[in-house]
S.K.: 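Handing you this structure, nothing more for now.
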Protein chains: 2
Amino acid sequence: MSKSPTPEEGASEGLRRRPTINDIARLAGVSKKTVSRVINASPFVRDDTRERIQAVIAELGFAPDPQARGLAYGRAFLIGLVYDNPNPQYVVNMQLGLLDGMRNSGFELVVHPCDRSSPTFLDDLRAFIERQRLYGVVLTPSVSEDERAAKLMADIGCAYVRVASVTLDTPDHMIETRDRLGGREAAAHLAELGHTKIAFLSGPPTFRSSHERRSGFEEALNERGLSLAKAYVAEGAYTYESGVECGRALLEMADRPTAIFAGNDEMAAGVLQAARQLGVRVPEDVSVVGFDDFQIASRLWPTLTTVRTPTREIGRLAVERLMGREDDSRDPKSRLPSLVVRESTAPPAKR
Amino acid sequence: MSKSPTPEEGASEGLRRRPTINDIARLAGVSKKTVSRVINASPFVRDDTRERIQAVIAELGFAPDPQARGLAYGRAFLIGLVYDNPNPQYVVNMQLGLLDGMRNSGFELVVHPCDRSSPTFLDDLRAFIERQRLYGVVLTPSVSEDERAAKLMADIGCAYVRVASVTLDTPDHMIETRDRLGGREAAAHLAELGHTKIAFLSGPPTFRSSHERRSGFEEALNERGLSLAKAYVAEGAYTYESGVECGRALLEMADRPTAIFAGNDEMAAGVLQAARQLGVRVPEDVSVVGFDDFQIASRLWPTLTTVRTPTREIGRLAVERLMGREDDSRDPKSRLPSLVVRESTAPPAKR
DNA sequence: CTGAAAGCGCTTACAG
DNA sequence: CTGAAAGCGCTTACAG
């Protein structure tokens, strides 16, 4: 019953071998197969046997060796993050979310940045998974939207969850970020402020989120009797530079908009820069709304009103779904986009 | 000699078992121990034997299973990144550098964000390493400066490399970032522009880099007959907010400096914000230099002159040292800090 | 509900 | 320079 080391154990202090399944079996007076059943939460163990084994496990601080388990199981206790989003904050938040969900699970996180346009994209991805026989992977936008990648996972029998703004797969393979709702929030905010001449700066058409953010935005404008004029829609590339360029084009129009909703914060930062160069005041002359709520949003001047995306929370959900350990006790609202109002939006100037 | 599947192999296409060391041994007509020697680059194999085995390995596309190797070897083929730098760009760049160095090595990267001030910091770190029996870890600032962490690595026999701005350990455990040289570059630039009333905005004293950046800066000023007045030294916290606050204090002085060197880009961004609030023009009234060259430096207005730190390159070096596979063929300058001149610096106004 | 046997794919001693 | 044996710490069939 004591946890203090016996003389024998104490002999080679420090280098004490860590306990194995055999130690547990011997001390609990069962076979190692039964210990294995307890480790793997098999229902075919009598309650008192299970309790006895669990007590020994706790006393020795036993944790099964993931390498040995993995070798026998044919699959490593590793989960991969596959990403191509160039924004570091997105990547780090996503990693933190995955780690949140994997805590005390015995799994570890390995990362795989990739490039969909590379000729070796699929081969690299396959090698990444097969090399260590990953248990499963989480795919994030835009690589999550790539059907070739999803098909590869299915072909090689690797578990996967895709994080995306729309439903692209069966529920067990999907976490939706509901970007459409974020677009709606932006529209509601600008409409409430009294704007009517409203522009949209889109991301590239190859990203599903570009479409989702726009259609949510347009939909909610329409519901309020407003509309998005063709001339007020510009297509950017989710980059700062494209934000500057498109922002300038919109702000140089003879009948310029009084509000611009940019598809992400990077482009919104570009619009602020364009406004500064043109001598257009924000928010007095034009209101600007972004999407993401990355750190830059609160570093800009004026600080940026934007739609916050709960990336970390989404990451946790994705990995929980992958491991089949979903926790339904949390507030479902925490996984939805939400508006953060700062200084870059105000009612339109009186004419 | 053909790589096309024989009828027998082709039977269960797609699910074809991947080749093992036994397959290689059988086809090469040697024992699996000898194949193992080739895999592990043992010198005790006759050249013709080695070549024969390597040919078979290449033909079958064999790669040894890291789990099985790890189990027998007592150590996983995984390398951990332990970090507590809150800047996402630093983290992502460091990860990319580690992955650069690990390419084709058979190792995979696992990540461990941590918090030195947590009461469970050391226990968490130990669990992270022992759970999967990591091969080794790379520690980055500021956790790399923590002697408790280094001692833990030594105690549990885990290989490690510390990335830090100064020499804290033996060469096999260190990659130095030479921040002092970066400070010197900033000083040389401001001196050449003709500044004499020069201020320094320091990071927190608990970070070695704060001291290194300052002393390099001061040293190079002194060499040019300039000095850093006590009144012109402020202590920040490497955060944007501290940059705003200290920037304001410096810019509100009766005899305000004509140039400010901030210890990192975050604080430099804060100084620009303070200048804007006070109506002080940059660079006309005051020049500002940062440190890091993160993305924000080129998004600010004016764009920021700063010292670029080659984080990705440093990461590659660190992991190569850890694996004992250093490549000395690269330009040694690529690992040193270097000045990037942009819009935020100019000669001081004529009086 | 429990266990003895065989095996996962490698490496470490130990021989020769 | 090469190999047969034993073992790393688990799990998967297969019995009972």
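In what follows, every chain begins at residue 1, and chains take the letters A, B, ... in the order their sequences are listed.
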S.K.: Tell me the interatomic distance from A:Arg133, atom CZ, to C:dG9, atom C1', rounded to whole angstroms.
M.R.: 8 Å

S.K.: Decide yes or no for A:Gln67 and A:Phe77: does some side-chain heavy atom of the first lie under 4.5 Å from some side-chain heavy atom of the second?
M.R.: no

S.K.: How close or far is atom C1' of C:dC10 from atom CD of A:Gln67, stated in whole angstroms?
M.R.: 11 Å

S.K.: Not counting sequence neighbours, list each pair that qualifies as a salt bridge (charged side-chain N to carboxylate O under 4.0 Å, His left out) and has a residue in residues 91-107 of chain B.
M.R.: B:Asp100-B:Arg103, B:Asp100-B:Arg312

S.K.: Could you name each residue pair satisfying salt bridge (charged side-chain N to carboxylate O under 4.0 Å, His left out) that touches residues 72-86 of chain A, not counting sequence neighbours?
M.R.: none

S.K.: Could you give the CD1-to-C1' distance, from B:Ile21 to C:dG9, as a whole number of Å?
M.R.: 8 Å

S.K.: In B/S/- notation, 5' to 3', how is nucleotides 1-7 of chain D contacted by protein heavy atoms closer than 4.0 Å?
M.R.: SBBB--B

S.K.: Please report the distance, rounded to the nearest Å, between CG in B:Asp65 and P in D:dC8.
M.R.: 18 Å

S.K.: What integer distance in Å separates B:Gln132:CD from D:dG9:P?
M.R.: 15 Å

S.K.: Check salt bridge (charged side-chain N to carboxylate O under 4.0 Å, His left out) between B:Arg335 and all other residues, then give those that pass, not counting sequence neighbours.
M.R.: none

S.K.: Between P on D:dG9 and CG on A:Asn22, what's the gap in Å once rounded to a whole number?
M.R.: 8 Å

S.K.: Is the backbone N or O of A:Pro171 less than 3.5 Å from a side-chain atom of A:Arg321, with the two atoms forming a donor-acceptor pair by type?
M.R.: yes

S.K.: Quick one: pull up CG in B:Leu125 and OG in B:Ser118 and give me the separation to the nearest 0.5 Å.
M.R.: 11.0 Å

S.K.: Identify whether any heavy atom of A:Phe62 sits under 4.0 Å from a base atom; if not, whether one sits that close to sugar-phosphate; answer base, sugar-phosphate or nothing.
M.R.: sugar-phosphate

S.K.: Over how many whole Å does the gap from B:Ile24 atom CD1 to C:dG9 atom P extend?
M.R.: 13 Å

S.K.: Among residues two or more places apart or on two chains, list those pairs meeting ring pair (Phe, Tyr, Trp, His ring centres under 6.0 Å) that have a residue in residues 42-63 of chain B.
M.R.: none

S.K.: Can you check whether A:Arg69 reaches A:Ile39 side chain to side chain, under 4.5 Å on heavy atoms?
M.R.: yes

S.K.: Could you give the CZ-to-C1' distance, from A:Arg69 to D:dT11, as a whole number of Å?
M.R.: 9 Å

S.K.: Reading 5' to 3' and counting Watson-Crick or G-U wobble pairs with both distances under 3.5 Å, write the dot-bracket notation for DNA chain D, | for bases paired outside the strand.
M.R.: |||.||||||||.|||

S.K.: Nearest 0.5 angstrom please: B:Thr20 OG1 to B:Asp65 CG, how far?
M.R.: 10.0 Å

S.K.: Starting the side chain at C-beta, find the nucleotide from D:dG9, C:dT12, D:dT11 nearest to A:Thr20.
M.R.: D:dG9

S.K.: Under 4.0 angstrom, heavy atoms only, what part of the nucleic acid is A:Asn40 near: base, sugar-phosphate, or nothing?
M.R.: sugar-phosphate

